[in-house]
J.: 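Pasting a structure here, questions to come.
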Amino acid sequence: MECPYKPNESWHGAQMEFKEDMSYGDYLALDQVLSAQRPLSPNHNEMLFIIQHQTSELWMKLMLHELHAVRRQLRANELAPAFKMMARVARIMDQLVHAWDVLATMTPPEYTAIRPYLGHSSGFQSYQYREIEFLLGNKNAALLQVHQQSPESYARLQDALLQPSIYDEALMLMARAGLALDPARLNADWSKATVADASVEAAWLTVYKAPDTHWELYELAEKLVDLETAFRYWRFRHLTTVERIIGFKKGTGGTEGASYLKKMLDVVLFPELFSLRTSL
Ligand code: HEM
Ligand SMILES: N[C@@H](CC(=O)c1ccccc1NC=O)C(=O)O
């Protein structure tokens with residue numbers, strides 16, 4: 001039978017030769033990305049575990065790219081581009097919320113076959129996740145210690161710890177727009193986690209009681225609420241997936257496991273944006 005492959009025939013006009021030109025794989029550095037999956041166990045399901053984490057880290061990289069830009073835009077009073085980026089971050093978070101469905105196809109015996117190979121490594125050591133938390137105001141200086149072996153991530157995290165969070169920037173922007181905020185809150189110790197403040201709640205209440213007068217701040221508030229809501233769903237799915245797969249075992253990172261993650265569900269990033277709703 002004649003071989004159907006004809007080297008010189010084009011297919012729908014597609015470029016077939018890449019000796020000189022940059023190809024898809026070149027542009028995306030696919031050789032690097034696709035050679036970075038290195039299972040340690042003989043178990044079939046470890047590939048799912050690795051790719052689930054690597055894709056999450058890639059989306060986190062994009063979230064950080066967007067969140068740093070949001071902070072710069074807020075500092076520059078450029079709200080319209082900030083809104084677009086905040087919406088993107090919330091959609092990425094939604095994507096990560098749905099990604100738990102893929103991981104949940106891994107059963108306890110399947111994970112038990114992989115777990116001994118993980119040693120003490122844990123998502124707790126994700127420096128990108130920690131930077132996202134810090135940028136959103138959930139600061140905790142003690143957690144820098146986890147990254148002392150890696151000067152680059154330590155420096156990034158330290159910078160995120162010491163600089164105002166996105167929420168702090170939103171409050172400074174509100175003050176510049178003429179809303180009355182306690183100067184002590186505007187000069188807070190940025191390395192500390194956000195603490196609810198009465199003057200902040202009163203200012204957001206002013207915005208929510210007259211949206212037409214404060215439309216941009218109203219939109220900013222709702223974008224922040226979208227973001228926090230998506231983040232809470234992620235935490236919740238992490239906890240429920242973990243309970244489903246390892247029950248109440250201690251974590252490889254050294255915490256109590258599910259009960260630690262349950263405590264993290266109580267974290268409120270933008271407290272006044274939720275408490276004000278009781279007064280509306
Ligand atoms: C079988 C799947 C998973 C299990 C059993 C699991 C379990 C745990 C446990 C027990 C902790 C607490 C820290 C510790 O002691 O280890 C933790 C923390 C964490 N995990 Fe997972 N996890 C899983 C999947 C994931 C995935 C897919 C991600 C996405 C990147 C992730 C990200 C994190 C992060 C960021 C933390 C730190 C949370 C914080 O400090 O608030 N985990 N995980
Ligand atoms: N903390 C998990 C281990 C774990 O999930 C993990 C281990 C290595 C790399 C990423 C991980 N994911 C999230 O914590 C456990 O206790 O089983």
Side-chain angles (χ1 to χ4, degrees), residues 33 36-41 43-64 67 89 92-147 149-150 153-154 156-157 160-161 165 193-194 227-228 230-269:
V33 175
Q37 293 68 44
R38 295 187 285 268
L40 294 177
S41 77
N43 191 276
H44 167 85
N45 302 290
E46 192 177 351
M47 192 59 90
L48 161 65
F49 189 75
I50 292 172
I51 290 182
Q52 181 90 26
H53 284 88
Q54 288 182 339
T55 49
S56 301
E57 290 288 343
L58 281 174
W59 284 116
M60 286 192 234
K61 180 169 181 169
L62 182 57
M63 279 199 261
L64 284 167
L67 288 172
V89 174
I92 297 170
M93 209 32 122
D94 287 344
Q95 168 120 315
L96 291 178
V97 170
H98 292 293
W100 287 111
D101 293 333
V102 185
L103 193 65
T105 64
M106 187 171 64
T107 62
E110 287 169 354
Y111 183 57
T112 302
I114 302 167
R115 201 169 187 241
Y117 293 84
L118 301 176
H120 288 107
S121 67
S122 163
F124 187 72
Q125 296 141 15
S126 166
Y127 52 84
Q128 294 205 104
Y129 178 81
R130 207 53 72 199
E131 190 177 343
I132 292 170
E133 290 261 33
F134 285 6
L135 279 177
L136 296 176
N138 186 17
K139 308 268 181 88
N140 184 342
L143 298 181
L144 279 184
Q145 216 186 318
V146 177
H147 305 278
Q149 306 306 331
S150 160
S153 24
Y154 190 94
R156 269 194 79 120
L157 276 176
L161 182 80
S165 70
T194 305
L227 193 55
E228 169 139 24
F231 206 142
R232 284 191 192 178
Y233 291 154
W234 185 88
R235 290 188 212 273
F236 180 74
R237 291 299 310 272
H238 187 202
L239 170 68
T240 49
T241 311
V242 168
E243 284 184 355
R244 175 176 177 158
I245 299 179
I246 63 166
F248 300 93
K249 292 189 186 85
K250 273 182 183 272
T252 51
T255 75
E256 283 304 311
S259 66
Y260 165 77
L261 297 174
K262 201 172 225 167
K263 280 195 202 92
M264 296 306 126
L265 291 184
D266 291 336
V267 171
V268 183
L269 297 170

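Both ligands and their constituent atoms are indexed starting at 1 by order of listing.
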J.: List the closest protein heavy-atom neighbour of atom 7 (C) of ligand 2: residue, atom name, distance to the nearest 0.1 Å.
T.: S121 O, 3.3 Å
J.: Checking a contact table here: which protein heavy atom is nearest atom 13 (C) of ligand 2, and how many Å away?
T.: G123 N, 3.3 Å
J.: Does any non-hydrogen side-chain atom of L135 lie less than 4.5 Å from one of L64?
T.: yes
J.: Short N or O contacts of ligand 1 with protein, under 3.5 Å, listed by atom name?
T.:
from     : atom 1 : to   : atom 2 : distance (Å)
ligand 1 : 15 (O) : G253 : N      : 3.4
ligand 1 : 15 (O) : G254 : N      : 3.3
ligand 1 : 15 (O) : T255 : N      : 2.9
ligand 1 : 15 (O) : T255 : OG1    : 2.7
ligand 1 : 16 (O) : S122 : OG     : 2.7
ligand 1 : 16 (O) : G253 : N      : 2.9
ligand 1 : 20 (N) : H238 : NE2    : 3.1
ligand 1 : 22 (N) : H238 : NE2    : 3.1
ligand 1 : 40 (O) : R130 : NH1    : 3.4
ligand 1 : 40 (O) : R130 : NH2    : 2.8
ligand 1 : 40 (O) : Y260 : OH     : 2.5
ligand 1 : 42 (N) : H238 : NE2    : 3.1
ligand 1 : 43 (N) : H238 : NE2    : 3.0

J.: Between L118 and F49, is there a side-chain heavy-atom distance shorter than 4.5 Å?
T.: yes
J.: Short list, please: which atoms of ligand 2 are under 4.0 Å from a heavy atom of G251?
T.: 16 (O)
J.: Assess whether a salt bridge exists between R235 and E133, defined as any Lys/Arg side-chain N lying under 4.0 Å from an Asp/Glu carboxylate O.
T.: yes
J.: Taking side chain as C-beta onward, heavy atoms only, is E228 less than 4.5 Å from V268?
T.: yes
J.: Do me a favour and list the nearest non-hydrogen protein atom to atom 6 (C) of ligand 2 with residue, atom name and distance?
T.: F49 CZ, 3.6 Å
J.: What protein heavy atom sits nearest atom 2 (C) of ligand 2, and how far away is it?
T.: T252 OG1, 3.3 Å
J.: For ligand 2, indicate whether the residue K249 contacts it via side chain, backbone, both or neither (heavy-atom separation under 4.0 Å).
T.: neither
J.: So do L144 and L161 actually touch side chain to side chain, heavy atoms under 4.5 Å?
T.: yes
J.: Within the structure provided, determine whether H44 and E110 are in side-chain contact (heavy-atom separation under 4.5 Å).
T.: no
J.: Atom 10 (C) of ligand 2: which protein heavy atom is closest, and how many Å away?
T.: H53 NE2, 3.3 Å
J.: Would you mind reporting whether W234 and Y129 have side-chain heavy atoms less than 4.5 Å apart?
T.: yes
J.: Output all residues satisfying side chain to side chain contact (heavy atoms under 4.5 Å, CB included) with Y117, sequence neighbours left out; order by chain, then residue number.
T.: L40, S41, P42
J.: Salt bridge or not between K61 and E57? Use side-chain N to carboxylate O under 4.0 Å.
T.: no
J.: Under 6.0 Å from the ring centre and within 45 degrees of the ring axis: does the NZ or CZ of R130 meet both conditions for the six-membered ring of F124?
T.: yes
J.: So which heavy atom in the protein is nearest atom 4 (C) of ligand 2, and how far is it from that ligand atom?
T.: Y111 OH, 3.6 Å
